[in-house]
Amino acid sequence: MFLLGACASSGGEKSAVRYYIHPEEVRLADSKAADYLRKHLHVRGKGLLAAAPGEGVVDVALHVGDDVGGDYKVEYTESGYKLAARDQRTMIWLAYQFIKHIGTDNPAISVDDLPPCIFPQKDTVATFPFEYRDLYMPSNQNPDMTFLLGLHNLEMDWGIWGHQMARVLGSNGDKSFGYQNMEPELFARTAGMVHKDQFCFSSDRLLELTVQFILDQYGDGSKDHMHITIGPNDNSIVCECRRCQTLGNTRTNATPAVVAFIEKLARRFPGHQFFLPAYSTTQAFPSHPLPENVGVFLSAIDYPRTWNQQGAKPFLDKLEQWKKYTDTIYIWDYVCNFDDYLSPYPILYVMQQRFQEYVRRGVKGIFLNGSGYFYSTVQECYSFVLADLLANPYADVDRLVQEYFSDAMPHVGAFFAKVVLSMEKHAARSGKELPLYGGMDEALQSYLFEKEFREYYAYFQGLAGMNMTHRERVIFDKTRQAVSFSLLEMVRLHGLDPKGGYLNGEGHVKADVLQALEDLKMITPEEDIYLLTNNENASMDHMDRVNESGVYLADYENEAEIWLSNKWWEADILLGKPLTVHTQGHTETTRVLTDGVIGISQNYHWGWQIYPQQDLVIELPPEELNKAHGISIAFLNCERHRMTPPKSVQLWVDGVLVSDIHREGLADGYDEGEKVIFRGSVSVPSYARQVEVRFEPSRSALLALDEIFMRK
């Protein structure tokens, strides 16, 4: 295996200490483990290996087998160490923990690219608290890194994963011509209607295809044991055919038919481990205990991500209830803000507390849903620390963070560690829930302390001229790009306010805002991506996405640059003036619609104000509107979140319709995430007492608009 060998330097000083590495017993498994450790220690320094024991030689004996007494064992002997592991996979992790352990005090061993060390400091026999530990982040997409981090990997360890039942029909689940024309028996039925985007789990044909798929791809489980999830497609449709209803299905509950389906597979393949996802239409409990090789994958989306555990009881009660039905409970948890991968997200203290809670409650596996193949800010540090916490939930988070940055960034790492831990402590003190899908406003209300962030940001920019290693320069520049995005969103949130927004007291764009825009344009050279992710398969565009939807940072930057360079707010008669909004019996005064901040497409957090469409009226101050010659309003089409542009926009003066404001362009439909602009000419008489913008509602409940712009 590759395992970072190419990143390590083998040209350092010759070691004064040498290591005699050998199998504890004359067994193939022990010999393979010893060969592996010798090979990878040799890559990391000169003169490290000894051919025999002797004076000045550290003796290291390795053993792999079921007789360890746990998952791994470390024994300090008079002459060195004995390292033992239950299997080769665990031994790889233990070998790298050992290399990090001895390399910390031996400068001849290059270890600065390895995770922080949790190697035991005394004789230890340990069992990992969770039998399954997975992290969906870039650093764990490389199988070599999976073994080094002591993790699992959904691509390696699962047969059918998540909502992937369609794979059994071929074409990797694509809704191809053949898929669409398969027999109706496979698909869900409600009120006589066939739904080809959902399955019928009482279908004998679906069972037959699934059995054949498992046999073809993974065997019967007698040799290789796979994790297999069986669950409906990710929608609200539940099959209500006669057979499914007989099993117990209702309009909102698919659990009975899915459980019956899984139990048939579990009996057919006792060597595989099956899972029911406790999510959406299968979150209801089964009617009876599940077979031994059937577990539950419980989503923790309703478990608030907060240090004080406020609101945790309903989820923890559900977890306890599931213990009545299965001994194998895996948790699907979340470690990112999926609407913003780039702003800091202090999740370490919160996750450590959750891991400890999961251990107390007998959880056997954890999957941490992060930024996947996309970069998130200092993701390598978070990946390394989370991996260590999954192996030991009681490890010292502060020490792990400090150790990572000390190794990875010898010149500026102390500052990085200070900032990361400061934000972690602030998030814990605030007691607020970290948003799973949130914008900058929610970040500032929950975990991001703005004054502290701006101070750190200014100091951080001043570090750019320092001498750095190549690796820390790459991490520094990528972090600089990411936090510049955060700063831009912060100043856009404040709008015209000279204290925090994008304009200074003289009406000019602030220098740090322009610098942030330039920093957004930085491109990570392809050869440096490995230094950010430890994944040689990562492609460059994966490093430049903003969120789960895959929006490119360049698209955000382009729209932000157009906004700042055009300075169109200077021609806006309404700029900074309060507007009165009437909607569904509620009235409010706001300057958000006149703060000179345009909405950026693809994300409703980026400068959009959201209102119910029904009965929405926005009242404009009539003063000086007689100087206006045009009006424009932009709307966001975001059907996924029930936001669409209105059918029409009208300007009313003193109760009389004076202008229809039409949509630009001729197409009837809108693309998801598209910005849709309504623009028109207007003439408001000087005697006007009441000027209103009214909207004809479209098919969605909500309306997302940015500015009401009245041109001179």
For Trp93, all residues meeting side-chain hydrogen bond (donor to acceptor under 3.5 Å, both in side chains), sequence neighbours excluded: none
Which salt bridge (charged side-chain N to carboxylate O under 4.0 Å, His left out) pairs, counting each pair once, include a residue from residues 361-383, with sequence neighbours left out? Glu320-Arg361, Glu357-Arg361, Glu380-Arg471
Mind checking the OH-SG spacing from Tyr437 to Cys336? Nearest 0.5 Å is all I need. 10.0 Å
Tell me whether the NZ or CZ atom of Arg133 lies within the 45° cone about the ring axis of Phe130 and under 6.0 Å from its centre. no
For Lys451, what residues pass the salt bridge (Lys or Arg N to Asp or Glu O under 4.0 Å) criterion, not counting sequence neighbours? Glu455
When the side chains of residues 78-86 are checked against the rest of the protein, which donor-acceptor pairs come out under 3.5 Å, sequence neighbours left out?
unit_1, atom_1, unit_2, atom_2, d
Tyr81, OH, His101, NE2, 3.1
Arg86, NE, Asp71, OD1, 3.2
Arg86, NH2, Gly70, O, 3.1

Does a side chain donor of either Thr533 or Gln141 reach within less than 3.5 Å of an acceptor in the other side chain? no
Residue list, salt bridge (Lys or Arg N to Asp or Glu O under 4.0 Å) with Asp123, at least two apart or on another chain: none
Is the gap between the ring centers of Tyr341 and Tyr375 under 6.0 Å? no
Among Phe315, Trp161, Tyr136, which residue satisfies the ring-ring contact (aromatic ring centres under 6.0 Å, His included) criterion with Trp332? Trp161
Does Arg480 have any side-chain hydrogen bond (donor to acceptor under 3.5 Å, both in side chains) partners at least two apart in sequence or in another chain, and if so, which? Gln461, Asp519
Can we call the ring centroids of Tyr447 and Tyr345 under 6.0 Å apart? yes
